Amino acid sequence: MDLEIKRWLEFDVAVVGGGTAGTFAAIAAAKSGAKTILIEKNSRLGGTITAAHVNFPGLFYAWGKQIIDGPCWEAIKRTEALGGARIPEFTYQPVRHWDEQIRVNKLLYTSVINEMCREADVYVLTNAMISSAREYDDKIQLFVTDKSGLMECTAKIAVDATGDANLTQILNYDCAKSAVQQPATLFNYLAGYRMEDVDFEELKEKLEKHELSRTVTAQKLMGGLSGHTIDTHLDCIDADTSAGRNDLEFRAVEILKDTCGFLRTVKGLENINIYFVADETGVRESVRIVGEKEVLTQDYLDGVFYPDSVCYAFYPVDLHVTDGIEQIFLKEGVVPKIPYGALVPKGSRRLICAGRCVSSDTHANSALRVQAPCMAMGQAAGCAAALAVSGNTQINNISYQALRASLEAIGAIVPKKTDEQKKEVA
């Protein structure tokens, strides 16, 4: 039986995934002159910031100096102007790096990025997913399913900003996956109790006899209760697939339900309840593209300069494991960079990627996956896509100098080689 195509759409650039990276890829492409569509599986844009309640994007500053700017920073400033963000005073060396995160109001942030998409004339299509795709010498053909049925969308360049490299995998480009992926977290907020009323000795005694998830320990419960949350570090396996994601979400809900039920048996927690839960579980890691270049851990920690550097990143190596976090902090003055080649799947003609699927090894990816560098990668991918369209060329043939100029034209900060940078990679 032939499938019925309900609609046909044609664009210069198609961005798949309207999350942390994809929103700004679309805005950057449109601001750079490309007719752009943004395709998002959820009902709202924003990705983990809005759906997973990881609403504290960072870090935009390093050693007291701004390193990430452009439309993504404009979105933060506009959210602040509406009373939806508090931007801290950035210091040269904060006591704790997370002190310089910026917590945003999800509603106001969503309103801002919606408005920015409208202003840039981005065609936004939500509640839609890619069903199939084909890459040709001169275009990418996308088959998209939304509430009205199946449609065909062609674009000269596509940006994979799904986080899980879904489009990259559909097009049969190589991806890498760690043997053990970082745990995921379902954000929640608890109410109905006072800490001074809780019998922690009873909690510990009962937990020894009660079978909960192996990640739920007395120490985590007590720490979580202080912050009015249940610490849900869940094993995350193959979250880039529907089956893996489905399993993750089901387990997350069950762990929250069972843990809250257990806590109600403890003195002082009889009326505890889950007051808020994020719409989806926050996934830290799934797959990474095999790119024309790969960001390696030591190169990240050394802050090496790549001849095709397109943006900065600034975060410690932050590999979450079941029992904690393996961290390696950057040495004073070091600011890592991301090369253009790490955004391009090896051998790609019409596809570029942005976000946490960036080509990198496991430990480097644990630092690159956070939101501010993902936003910066999105801007770089969007500008590159628009350049390829205007130059009628493939994504791996654009001029790096032209890409620098395009990024600077939208206010982005592009790394420059300085006398202080002793190490450079090809």
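Just so we're clear, the structure is a prediction, and the values are computed from it rather than from any experiment.
Salt bridge annotation for K31-E74: absent, with no cationic side-chain nitrogen under 4.0 angstrom from a carboxylate oxygen. Salt bridge status for R350 with D138: absent, with no side-chain N to carboxylate O gap under 4.0 Å. Between E254 and K257 there is a salt bridge, since at least one side-chain N of the basic residue sits less than 4.0 Å from a carboxylate O of the acidic one. A salt bridge does not link D279 with R44: every distance from a Lys NZ or Arg NE/NH1/NH2 to an Asp or Glu carboxylate oxygen is 4.0 Å or more. Taking the charged nitrogens against the carboxylate oxygens, E294 and R288 have no contact shorter than 4.0 Å, which rules out a salt bridge. Ion pairing between a basic and an acidic side chain is recognised when a charged N comes within 4.0 Å of a carboxylate O; D318 and R284 show no such pairing.
Residues satisfying the ring pair (Phe, Tyr, Trp, His ring centres under 6.0 Å) criterion with Y92, sequence neighbours excluded, are W63.
F11 has its ring centre less than 6.0 Å from the ring centre of Y123.
For the residue pair T362/S178, the side-chain donor-acceptor check at 3.5 Å is satisfied. Side-chain contact of E100 with T91: a donor-acceptor pair under 3.5 Å is present, judged by distance alone. A side-chain donor from one of D240 and Q169 sits under 3.5 Å from a side-chain acceptor of the other.
At least one donor-acceptor pair under 3.5 Å links the side chain of D361 to the backbone N or O of T297.
Paired with D164 under the rule salt bridge (Lys or Arg N to Asp or Glu O under 4.0 Å), one option of K41, R369, K177, R356 passes, and it is R356.
Taking the six-membered ring for Trp and thresholds of 30 and 60 degrees, H228 and Y189 have nearly parallel ring planes, at less than 30 degrees apart.
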Cut-off 3.5 Å, no hydrogens considered: what does the side-chain donor-acceptor table look like for residues 370-388, sequence neighbours left out?
| from | atom 1 | to | atom 2 | distance (Å) |
| --- | --- | --- | --- | --- |
| Q371 | NE2 | T48 | OG1 | 2.9 |
| Q371 | NE2 | V54 | O | 2.9 |
| Q379 | OE1 | C72 | N | 2.8 |
| Q379 | NE2 | D69 | O | 3.0 |

Subject >> Step-by-step side chain to side chain donor-acceptor pair (under 3.5 Å) determination, R349 to N396 >> reply: CA-CA 7 Å; R349 295 167 290 171; N396 54 0; over 6 Å; no
